[in-house]
> 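Dropping the structure in here first, questions after.
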Amino acid sequence: HIPAKMNRTIQNLLHHYKISPKERFNGKPVFTREPLTGNMEAKRVFMGGVLETYEKLLSQMLKQLPTPSPLTTGSKDRPASDVTAAPGTANVAGPEAGGDVRKGLSDILDMVQKLRKHNYQDMEKVLQGLHSLKHIQMDNAVVQR
């Protein structure tokens, strides 16, 4: 179930980034589509990892957005990047390129973070433990002892 507000936000972001259905569904899923076998805990660990990946991805997308422009003269609450171009002139960025996209990404990131915090908090510890195993120095004599 996706809340209506989140669905609208996703649709606005798809429109802003001009992602065609062919590019969106190119047959190469980011996450495996194979059904997970095993117990519920294993599935929850995997879902916690998926949410962590989404959190990193959304944070990266936010970092890549241009920083908001300074406020325009006479405008007390809208940056220059949010000002709509005059009719008949090109405005490639449009209002969605500024605050709307940043707000949309921030809203989705916030929802992902809340979901992780409230439903997958224990899984975070497991994921951190698994991640730390990758960094064990196998050729270290102290570790081998």
Side-chain angles (χ1 to χ4, degrees), residues 1-138 140 143:
H1 171 72
I2 298 175
K5 179 183 175 187
M6 186 174 190
N7 193 29
R8 278 191 309 274
T9 302
I10 291 169
Q11 295 306 314
N12 289 340
L13 290 170
L14 289 172
H15 177 73
H16 167 75
Y17 285 106
K18 296 175 178 62
I19 301 169
S20 71
K22 184 179 178 182
E23 291 175 316
R24 203 174 325 145
F25 306 109
N26 64 0
K28 300 175 187 170
V30 175
F31 303 106
T32 181
R33 290 188 177 195
E34 293 194 23
L36 293 175
T37 57
N39 61 22
M40 186 56 116
E41 289 302 311
K43 293 175 184 180
R44 288 178 53 83
V45 168
F46 180 75
M47 188 61 186
V50 168
L51 291 171
E52 179 183 10
T53 302
Y54 271 118
E55 190 173 337
K56 289 176 182 177
L57 177 66
L58 292 164
S59 295
Q60 180 64 33
M61 291 172 73
L62 277 166
K63 287 178 189 174
Q64 291 175 341
L65 285 177
T67 55
S69 302
L71 297 178
T72 59
T73 306
S75 173
K76 294 184 171 112
D77 54 359
R78 287 181 43 193
S81 63
D82 281 1
V83 175
T84 306
T89 62
N91 184 9
V92 177
E96 294 170 3
D100 288 349
V101 171
R102 184 172 302 281
K103 180 165 178 8
L105 288 172
S106 295
D107 288 348
I108 292 174
L109 177 59
D110 184 54
M111 289 181 198
V112 168
Q113 289 171 333
K114 285 179 183 174
L115 185 60
R116 274 185 70 202
K117 180 182 177 185
H118 296 296
N119 298 309
Y120 297 93
Q121 199 169 24
D122 294 341
M123 300 309 118
E124 181 66 26
K125 293 174 188 171
V126 174
L127 289 171
Q128 286 175 351
L130 289 172
H131 183 70
S132 68
L133 292 175
K134 291 181 182 179
H135 299 290
I136 294 176
Q137 298 173 350
M138 302 297 170
N140 184 315
V143 172

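Quick caveat, the model's predicted, so the values are computed rather than measured. Basis for what follows: all heavy atoms, side chains included, without hydrogens, waters or symmetry-related copies.
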> For the residue pair V101 and Y17, what are the closest heavy atoms and their distance?
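In this case the closest contact between V101 and Y17 is CG1-OH, 3.9 Å.
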
> Roughly how far apart are L58 CG and Q113 CD, rounded to 0.5 Å?
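CD of Q113 is found 9.0 Å from CG of L58.
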
> Is there a donor-acceptor contact under 3.5 Å from the side chain of R102 to the main chain of P66?
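Yes: the side chain of R102 pairs with the backbone of P66.
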
> What's the spacing between L14 CG and H16 NE2 if we round to 0.5 Å?
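L14 atom CG to H16 atom NE2 measures 11.0 Å (nearest 0.5 Å).
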
> Measuring from L109:CG to K114:NZ, what's the distance to the nearest 0.5 Å?
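L109 atom CG to K114 atom NZ measures 11.0 Å (nearest 0.5 Å).
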
> May I ask you to check whether over 12 heavy atoms, not counting those of Q64, lie within 6.0 Å of atom CD?
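Yes, the 6.0 Å shell around CD holds more than 12 heavy atoms from other groups.
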
> Check the surroundings of atom NZ in K43: do more than 12 heavy atoms from other residues, nucleotides or ligands lie under 6.0 Å from it?
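Yes, enclosed.
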
> Determine whether L13 and I108 satisfy the following criterion, side chain to side chain contact (heavy atoms under 4.5 Å, CB included), listing intermediate values before the conclusion.
CA-CA 10 Å; L13 290 170; I108 292 174; 3.6 Å; yes

> Taking atom NZ of K134 and atom CD1 of I136, what is their separation to the nearest 0.5 Å?
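Interatomic distance, K134 NZ to I136 CD1, rounded to 0.5 Å: 12.5 Å.
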
> Go through it in stages, so that I can follow the logic: the residues are V126 and L130, the test is side chain to side chain contact (heavy atoms under 4.5 Å, CB included), and I'd like the CA-CA distance, side-chain angles, deciding distance and then a yes or no.
CA-CA 6 Å; V126 174; L130 289 172; 4.2 Å; yes

> For L105 and L65, what are the C-alpha separation, side-chain angles and deciding distance, and is it a side chain to side chain contact (heavy atoms under 4.5 Å, CB included)?
CA-CA 10 Å; L105 288 172; L65 285 177; 3.8 Å; yes

> Could you measure the distance from the CG atom of D107 to the CZ atom of R8? Nearest 0.5 Å is fine.
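The CZ atom of R8 is 11.0 Å from CG of D107, to the nearest 0.5 Å.
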
> First locate atom CD of E55, then atom CG of D110, and finally report the distance between them rounded to the nearest 0.5 Å.
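Rounded to the nearest 0.5 Å, the CD-CG separation comes out at 10.0 Å.
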
> When you look at OH of Y54, are more than 12 heavy atoms from neighbouring residues, nucleotides or ligands closer to it than 6.0 Å?
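No - once you tally the heavy atoms of other residues, nucleotides and ligands closer than 6.0 Å, there are 12 at most.
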
